Amino acid sequence: MVQWLKDAVFYEIYPNSFMDSNGDGYGDFKGITQKIPYIKSLGCNAVWLNPHYKSDFFDGGYDVVDYFKCSERFGTEADFDAMLETFHANGIKLILDLVPGHTSENNADFLKSAENVPNDMYDRFVWTKGEWEFPEGYRFISGRHNRFGNYMVNFFSTQPALNYGFKEITHPEWQLPYTHPECMKTREWLKSVMRFWLKRGADGFRVDMADSLVKNDDDKSATSEIWRDISDMVKREFPNAVLISEWSSPRAVHAGFDVDFMLDHHGNAYNTLVRYEEAGKTSYFNPNGAGNAEEFADKFANWLKENENLGYIGIITCNHDTPRLAPFYDEDSLKIIQATLMMLPGVPFVYYGDEIGIKYVKGMPSVECGFARTGTRTPMQWNSKKNAGFSTADKTFLPVPDDCKPNVEEEEKDGNSLLNTLRRTIALRHEYASQITSFDFEILHAKGSEPLAFRRGVLTVFVNPLKKPQTIKRFQVGELLYNIGDAPSVTSEITLAPLSFAVFKAQ
Ligand code: NOJ
C-alpha cells in the first residue's frame, strides 16, 4: 500500500466554490493557491479537487469536453501548474477527479463517433445499429445526431457512455465483449489520460463511478479486471500515485484501488452512524438517543475485514453529492462526529467548509444540474465581508448567506470553535497515525445509544453522542490524551460527559 496514505488527511475542494481570485463569481486555481496556507493550517496534507477539466458544466464538471485541458473558468494551464507546484512546496499532495465512464456530449471523440461514417471513434461509445432500436433495460438517446443509431448514456442524458464493452452479451448486434480490440482501445485511451496528469505532477485520482465501466457485469468481475490492469500500470510507472474509487464496496480494493469511499448509502455503516434520519430511522449520533451503535460497529468491522491489508476505507465528513451534516446537528455534536470520523481506521476526507460548519441549504434552486446537491456546493465563507470574502462579484456561482455565518475569520478567534477543535483532532491523528495500521482495530463497546468505545493500537477512543452523561464499564485505558467536552471520570466505571469525546493512550 502506498506509504503516504497512512498519514493522509484529505481536503475536498469543489473549485467553483472555494475562492474566486478574479471577481467573476466562480472559484479558480489562483484562488485555491492563495488559500493553500489555510489548508495546511488544518493539518490536511492532501487535496481532492473536483473536476477541473474543460466542460459544459451540465453536471458540475463531470461532463468532460477535453480530458487534456483545464476549464478556462478556473484559469490557465499555467495557473493550474502553479497551484500544483505550490501544493507540493507546502507538502500537500493533489489528486484529481477522473471521469472514466462517460464524456460530455460535446467531447470531440463523441462527436466523431456520431458522424455517419465509420471512423476510429466509431466504437468508442455504445451505439445501436439502427435509429429505431430502443433496447429495454438501457438508457439510449435518439434523434440527436445523423449516425444511424442511438447512443447509450452513463448518468445524465448529456453524458454518453464510453465503451469498455459488455460482460454478458445479450444483443450481439450492438454489444462488444469487453476484451474486444475496440474496447481495449478505450482502456488504453483512459491510461493515456492518467499518464498525462500523473506526468504533469498529480499524485493520483479519485475515480468517478469506478464500477460503471463494463456493462452487464453484475458481479463486477470484468470491471475489476480492467481496474487491476490499470492499477498495475500506475503502480509500475508511478509508484507513489494513489487510486481512490467512488465504488463504495470492498470489491474496489480487490480491484486494485488504494482507497474506496464508504459513501452515504442507506443502511451502511456510515449512514447508520450519522445520516440515518433521512430514512425515518435514527443515527447513532442523534443527541436525543434512539440510535444503534451495534449496527454501525458490525457493518464497519465487516467492511474493514474485507479490505484487510489491501486498501483503506475513505471516510467522509460529507461530499459534493451529499447534504452537509450542519444544520442537522449542532456544533457540539459536529465536533464529536468529526473527531470520531478522524479517529476511525481509514483515510479521512474533510469536505471544504465542514470544518467551520457551513450549512446545507435545503431547497436551493438547482444550478448546473446539481439539483438537491446544489445546497451543499455553496461558496466557502472566509469572513464577514462581501460574499463572505469568497468573491468581489455582484453575482456569485451560488449565493452566500447574508450574515456570512459561520466564517473562518470568526472561527479562528475562538480557541474552542469547530475549526480549532478539528485542527487539534487532526494533529492528534497525525501524531499516532504512522504507528497504527488501519487494521489494528477493535470495537470495545457498542450498544444502542450508549457510548461507543473502540481501540486503535495504543489508543482507546470513547464517544458519548447524547446530551446527558453516560456510564459504561471500565476498560484498561491508560492516560487521557485528548478530550472534547468535559473530561471523563474514570473510577470503577467510566462516566462520559454529555456530547463528549475522549482518547486514552495505553501506558
Ligand atoms: C458521481 C459524482 O460525484 C457526481 O457529482 C456526478 O454527478 C456523477 N458521478 C456523474 O459523473
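Whatever order the structure lists ligands and atoms in, that order sets their numbers, starting from 1. The shown structure was predicted, so the numbers you read here are calculated from the model rather than taken from an experiment.
- Protein heavy atom at the shortest distance from atom 1 (C) of ligand 1 is Asp208 OD1, 2.9 Å.
- For ligand 1, the atoms lying closer than 4.0 Å to a non-hydrogen atom of Arg377 are 5 (O).
- The residue from Trp382, Phe390, Tyr26 that alone fulfils the ring-ring contact (aromatic ring centres under 6.0 Å, His included) condition with Phe18 is Trp382.
- Dense packing is recorded around CG of Asn309, with more than 12 heavy atoms of other residues, nucleotides or ligands lying under 6.0 Å away.
- A salt bridge between Lys335 and Asp330 is absent, with no side-chain N of the basic residue lying under 4.0 Å from a carboxylate O of the acidic one.
- Within the structure, the closest approach of Val99 to ligand 1 does not fall below 4.0 Å when heavy atoms are considered.
- Close approach of ligand 1 to Arg373 (heavy-atom distance below 4.0 Å) involves ligand atoms 4 (C), 5 (O), 6 (C), 7 (O).
- Using a 4.0 Å cut-off between heavy atoms, Glu368 makes no contact with ligand 1 at all.
- For atom 4 (C) of ligand 1, the nearest non-hydrogen atom from the set Asp97, Thr322, Asp321 comes from Asp321.
- Listed by number with element, the atoms of ligand 1 under 4.0 angstrom from any heavy atom of Glu246 are 1 (C), 3 (O), 9 (N).
- Between Glu115 and Lys112 there is no salt bridge, since no side-chain nitrogen of the basic residue lies less than 4.0 Å from a carboxylate oxygen of the acidic one.
- Of all atoms in ligand 1, listed by their number and element, those nearer than 4.0 Å to a heavy atom of His102 are 10 (C), 11 (O).
- Scanning the protein for heavy atoms near atom 6 (C) of ligand 1, the closest one is Asp59 OD2, 3.4 Å.
- The residue from Phe87, Phe10, Phe261, Tyr351 that alone fulfils the ring-ring contact (aromatic ring centres under 6.0 Å, His included) condition with Trp48 is Phe261.
- Proximity to His320 (heavy-atom distance under 4.0 Å) selects the following atoms of ligand 1: 2 (C), 3 (O), 4 (C), 5 (O).
- The residues Asp218 and Lys220 are annotated as not salt-bridged, no charged nitrogen and carboxylate oxygen being separated by less than 4.0 angstrom.
- Other residues, nucleotides and ligands place no more than 12 heavy atoms under 6.0 Å from the CG atom of Asp402.
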